[in-house]
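Order of appearance sets the numbers: ligands from 1, and atoms from 1 within every ligand.
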Amino acid sequence: MTAVQAKQDTFDSLNPATDEVVGTYPVNSDEDVASAVSRAREAALWWAGLGFAGRAERLQRWKGVITRRAAQLAEVVHAETGKPHADAMLEIVLAIDHTAWAAKNAAKVLGRKRRPAGMLMANQAASVEFQPLGVVGVIGPWNYPVFTPMGSIAYALAAGNAVVFKPSEYTPGVGRWLVDSFAEAVPEHPVFQLVTGYGQTGAALCRSGVDKLAFTGSPATGKKIMAACAETLTPVLIEAGGKDALLVDVDADLDEAADAAVWGGMSNAGQTCVGVERVYVHERVYDDFVAKVVKIAGDVRAGGDAEAQIGPITMPGQLAVIRRHIKDALARGGRALVGGEDAVGDRFVQPTVLVDVPEDSAAVREETFGPTLTIAKVADMDEAVEKANDSKYGLASTVFSKRRGMELARRLRSGMTSVNGVISFAGIPSLPFGGIGESGFGRIHGQEGLKEFARTKAIARQRFRAPLVLTTFNRSAKTDATVAKLITLLHGKRR
Ligand code: NAD
């Protein structure tokens with residue numbers, strides 16, 4: 001079984017629950033990618049020329065098209081990833097909200113700002129502008145084929161760039177739908193284009209001379225992207241995987257924490273970059289918490305029918321990774337309280353809850369990307385923070401604590417943290433999204449996300465000729481002496 005079937009110049013995307021062909025798409029060559037980028041260059045000039053208001057109006061129009069036809073898009077997402085319709089709708093709703101926010105706020109965030117000119121250049125009017133970069137390449141994953149790339153696409157467009165998008169080879173139909181719906185709302189120029197294919201098509205986009213490459217995917221591919229972009233010094237943004245931890249303090253609401261751990265770890269069959277994979281629980285509430293998790297997880301079922309809460313594993317190769325992690329954990333003293341090795345089928349993985357798993361095992365250290373959780377007991381929250389932070393990744397984290405939530409959140413080494421909720425940051429458009437370490441760098445969403453796709457431009461405009469002109473060979477010794485005196489007066493005081 002493969003979810004992508006190769007032919008010569010085209011490939012099929014398949015429904016991972018049934019192997020039915022969902023659509024056939026071209027494997028775009030280096031030349032195809034170069035042509036798309038060249039068309040995008042022209043479109044970018046027109047798009048930038050519309051200004052914030054013109055772009056905002058068109059992006060709001062696009063948002064309307066997506067909203068009115070969301071059920072149709074959800075059907076494509078469901079067919080290509082296997083995820084339940086309701087989950088497909090959820091990621092579309094979030095993407096719509098982000099698009100609306102980016103369109104509405106771009107002018108405020110990226111518009112011209114005055115800056116104080118300082119003492120030595122008091123005759124200047126200082127300002128900063130955030131100009132479009134030009135053409136942005138976006139390479140996306142399959143797990144949230146709408147929400148994830150839209151975090152780059154909507155923000156790059158709102159900042160005034162044209163976009164060339166290479167969706168995952170598992171979800172080309174979702175990419176096609178997004179690009180076609182944009183063309184419906186903005187028919188004038190190809191401001192948002194699609195290229196399809198495998199890694200090679202993505203690599204061609206990296207080398208195509210785009211002004212920035214926004215990548216979301218695995219850390220291993222992220223490294224290849226950086227290497228390819230290095231050839232042309234193309235700046236990159238990397239949104240990669242994680243091994244996110246959830247901490248449960250002694251005073252946490254255990255019902256809510258258990259519910260969050262199971263949903264955070266198992267929704268989308270665990271194929272969530274910011275999904276919960278590890279849980280650290282204060283020893284005084286460990287038994288109660290584990291009992292609640294076991295009960296909730298025991299009621300979750302993976303399947304292809306409408307009643308199943310989670311769908312198939314989209315990428316067949318991932319089944320072996322999940323099986324290896326569970327097997328290794330069990331071989332090294334871990335116990336499966338729900339699921340286990342038998343939970344891994346040839347399409348679906350049933351929820352699996354593991355305890356007593358050594359901290360140095362693959363199930364704790366590597367991204368599993370399946371509906372599994374490891375739960376470990378800790379003596380106190382210092383130990384919980386230490387263990388959570390002992391990871392090469394640093395994408396997101398979660399804390400359940402009544403009194404110490406904010407303190408613990410600050411101490412967690414991750415780009416984002418939810419306190420007494422799970423993955424909440426992703427649904428707040430004003431909050432930046434991104435990781436540290438092998439989870440990547442750069443930020444999408446929020447004002448930081450808009451600025452990722454803009455070139456910071458500083459302008460100093462002389463308002464009047466200053467009595468002391470510093471930037472001339474005609475500067476007198478008297479001017480230098482006066483400046484020296486002035487600087488001593490301003491900064492030379494002993495404290
Ligand atoms: P992947 O790295 O296999 O593929 C991502 C994209 O890169 C695909 O479009 C693929 O065709 C392309 N690609 C592959 N090789 C390439 C190359 N050499 N040059 C250029 N492009 C290339 O990842 P995936 O399996 O699609 O997605 C799952 C991974 O994505 C997980 O690790 C997950 O945690 C991560 N992810 C991260 C975020 C985030 O925002 N941080 C969001 C979603 C998914």
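- Within the 4.5 Å cutoff, the side chain of V422 has heavy atoms near those of the W263 side chain.
- For ligand 1, residues of the protein lying within 4.0 angstrom by heavy-atom distance are I139, G140, P141, W142, N143, T148, K166, P167, S168, E169, Y198, G199, G202, A203, F215, T216, G217, S218, T221, K224, I225, E239, A240, G241, C273, M315, E367, F369, L395, F433.
- Counting heavy atoms from C-beta on, the side chains of T196 and F11 come closer than 4.5 Å.
- Side-chain contact of S414 with S397: a donor-acceptor pair under 3.5 Å is present, judged by distance alone.
- Ring geometry for F192 against F182 counts as perpendicular: the plane angle is over 60°, on a 0 to 90° scale with 30° as the lower cut.
- Annotation: salt bridge (Lys or Arg N to Asp or Glu O under 4.0 Å) contacts of D390 (sequence neighbours excluded): R365.
- Salt-bridge check for D180 with R176: passed, with a basic side-chain N closer than 4.0 Å to an acidic carboxylate O.
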